[in-house]
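Protein chains get the first letters and strands the later ones, always in sequence-line order, with residue 1 at the start of each.
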Amino acid sequence: MRQIPIQREEPTSIDPDPEAEKRILDGLNERQREAVKATDGPVMIIAGPGSGKTRTLTHRIAYLLATGKAKPHEIIALTFTNKAAREMQERVQKLVGDQTKGMWVGTFHSSFARVLRIDGEKIGYSRDFSIYDTDDSKRIIKQQMNRLNVSTDDVSPRGIQNLISDAKNRMVSPEKYASVARGRAQDAAAKIYPAYEKALRKANAMDFDDLLLRPLELFDEHPDVLEKYQTRWKYVHIDEYQDTNHAQYMLARNLADAHDNLCVVGDDAQSIYAFRGADITNILSFEKDFPDATTVRLEQNYRSTGRILALADSIIKENDDQLDKELWTENDDGEYIALMESLSEKDEAKKIERRIRDLHVREGLSHGDFAVLYRTNAQSRPIEEALRKENVPYQVIGGTPFYQRKEIKDALAYLRLIVNPNDTANIQRVINYPTRGIGRKTQERLQNFANKHGFTLWQAIERVEDIDTLSTRAKNAVESFRFLIAKYASKAESMPADELAQEIIREAGLLSELRKDHTRENLMRWENVQDLVSGIADFVASSDDPSLSVFLQEIALMTSQDEEDDADQVTLMTLHASKGLEYPVVFVAGLEEGLFPLEMAAKEKQDLEEERRLFYVGATRAEEYLFLSWARSRYRYGDRETKTRSRFLDEINSDVVRTAGGGELDQKKNRFKSSSDGGSDSSNYDGVDPHYYRRNLRDGSGSGASNGKERKLKRIEQSSGGGRRVVYDEGQGEIVPGVRVEHSKFGEGKVQDVEGRGEKATAVVYFGSDIGNKKLKLKYARLRIIG
DNA sequence: GTTGGCGTATTTTTT
DNA sequence: ATACGCCAAC
């Protein structure tokens, strides 16, 4: 676990350093230098992938320091992730020496959480406010739905949460929202929204949106506070500007208003967070917003080979809404982009694993050079399994991050309560975990009492003796909980945060709960909780402000992308998480209709364009090798689904793509001229060479992997002959759509579809026009795989 | 008040 | 397939 370094506040200044200045400018090309030197007035750097965007921004900050144009405390840089902030901080330090104390570098969220810590009390938030993630917010929303009798028939809590978040992103107040809400879902959201806001405020809690909105409120209501920050920050920098939302835009405007020195960097073609409220018009209309802005375009790509860039260009050309940019590179053409086609997600995973091992052995690439990208987190599983099986080291970025695991959230809940007992959502989380006799009914009575008197849940707990509806037994149970929290709350000032954590976690019974039964999961959870404590110890040892409340706020803003990834491992992550990163070898997996582009996103043009930009982002992560992969079938909701190739594969520039067999990519747009067979049932297997699969296995240049695979196939054939072993066993020779099989009675056929698993698995097999489709129970049918 | 079983929705991406 | 919520039994 890592925390964001906190810099001291005292203004320090550094003398102009001509040597550093030279070093800073020497590391740049002409255009980049131009951007760095434009230190007066608004600047927009529009830059393609791999053009040294962040590098330019970093050098600009270093340049400001080295020339003495700005003192460290006069600079703020807002990044997209904490990790990017950390790296930028480190690089600036490297360029100008260690003199960056007082400079603010961080995400919008963490930077303005800090502002709120300093000045939030002016709008009614104590500095120990809790930060609520989506989970905590959902709890509040559910509770409010319950209280206000909003039925879940019309909308799910999640749906309401999204609607409210959207409204907040657009800075629509509850009152305003009530007047514009249309339809059942929005009406429901309009009812919940004000109650939700009130509940958050009462709990001294903020959700992610609040971390941007409350500072705006603060600036609005206290112009002196705004002025303080405006005068302080003479230079405002924003990275990944295309992904800022409206509130972030307003914050930027507010800060830049005094000095007009706003420098933004972005690429409209890489805008992939609209679903989260990112507003692409921020970057598209920058020049309108800041009429005297300097615009610099960085169009030379240093990252990728010519072919990768040509492919990327062909992807993005399909989109209509673009700022003009001509990407070019001096790099070699490089290898062809390889198209990989597989029969199933397991097959896909195996092929990816084999390619990785092959390149690792033959080209000497290290494991850290590889990244496997996919659209949804769920896709990591089969790939993980394939890599694990062959002992290829890997790491998965994302999924369920450390701090979101249940045991961690439970432990954190106790810690949050020490700091902020009014944090109702977290009381509810742990008031009866581990079970201490405070069940549903007691909690209900507590809540009723609180509602009746306008208390928070905690205030009700403090007055538990006065609640007539409770039995003595219940009162005692509640009292012991109250005592537990109060005891440590009073020690919070005097006791180091890590000791505090250790003790309350133990006394609350979390650790013994996890040791109750000795499953492997529980052991892991127990270790995770221990890791949390040592993480707090690290924080205490290294932070300028080692209070528990700061730790909790920072931890809430950490993301999977902030995890350490320095080890030499293959990296698995979503396409979203890959933004800003680069790897010599990149696989984009799961290029299938319905998956990428995602089914829901394929309907609206806007959404489809975002998916396409996502594909563009993924492809441009690659430096040397790019693999595009899709599978003919995939498990979803426990059923095997037949898939067709993604439309994206029909759009790309086929000149730079080669299939696994070395052939050209057969695209829909080319099909008309070459073949006229098309005909019936065209959705099935056009262009599939039935021998492709096995030939490829043999082509594996005699490496252990392909031999292993062949062995497995043989074993299947033998066993089916013997009739004892089941042939549908996953991961052996799979019976999946597209496979050719032989049946003792019907002869040769091709599997069309497979349903069910295990004993119940059935396959639809087409045995030619005479026999047609047959539905067979795999358990009895004894199908033999022949290709 | 707690536990276990069954039915249902769920997977888009994330600060 | 799995996690969660709701209901019935202990």
Report yes if at least one side-chain N or O of A:K142 is closer than 4.0 Å to OP1 or OP2 of C:dG5; otherwise report no. yes
Compute the ring centroids of A:F80 and A:Y273, then answer whether they are less than 6.0 Å apart. yes
Within this structure, what is the CZ-to-C1' distance between A:R381 and C:dA1, rounded to whole angstrom? 8 Å
Whichever of A:T442 and A:E611 has the more 5' nearest nucleotide on DNA chain B, that residue is A:T442
Within the 4.0 Å heavy-atom criterion, would you say A:N245 contacts the bases, only the backbone, or no part of the nucleic acid? nothing
Checking A:Q89 against A:E87: is there a side-chain donor and acceptor pair closer than 3.5 Å? no
What is the separation between atom CD on A:E610 and atom P on B:dT14, rounded to the nearest whole Å? 12 Å
Distance check needed: B:dA9 P versus A:R158 CZ, whole Å only. 17 Å
Do A:D119 and A:Y229 meet the criterion of a side-chain donor-acceptor pair at a distance under 3.5 Å? yes
Under-4.0 Å side-chain N/O to phosphate OP1/OP2 contact, A:N82 with B:dT15: no
Output the rounded distance in Å from CD (A:E641) to P (B:dT10). 16 Å
What is the distance, rounded to the nearest whole Å, between atom NZ of A:K138 and atom P of C:dA3? 14 Å
CG-CD distance between A:L608 and A:E318, expressed to the nearest 0.5 angstrom: 9.5 Å
Whether A:N377 contacts B:dT14 is assessed here as follows: a side-chain N or O lying under 4.0 Å from the phosphate OP1 or OP2. Is that the case? yes
Ranking B:dG1, B:dT12, B:dT14 by distance to the side chain of A:R276, first place goes to B:dT14
Do A:F80 and the base of B:dT15 stack face to face, with centres under 5.5 Å apart and an angle between planes under 30°? no
So does A:Y616 get a backbone contact from the side chain of A:T620, meaning a donor-acceptor N/O pair under 3.5 Å? yes
Nearest-nucleotide pick for A:H576, side chain only, options being B:dT2, B:dT12, B:dT13: B:dT13
OP1 or OP2 of B:dT14 under 4.0 Å from side-chain N/O of A:T574: yes
Nearest of B:dT14, B:dT12, B:dT15 to any side-chain atom of A:R375? B:dT12
Any idea which of B:dT15, B:dT14, B:dT11 is nearest the A:A378 side chain? B:dT11
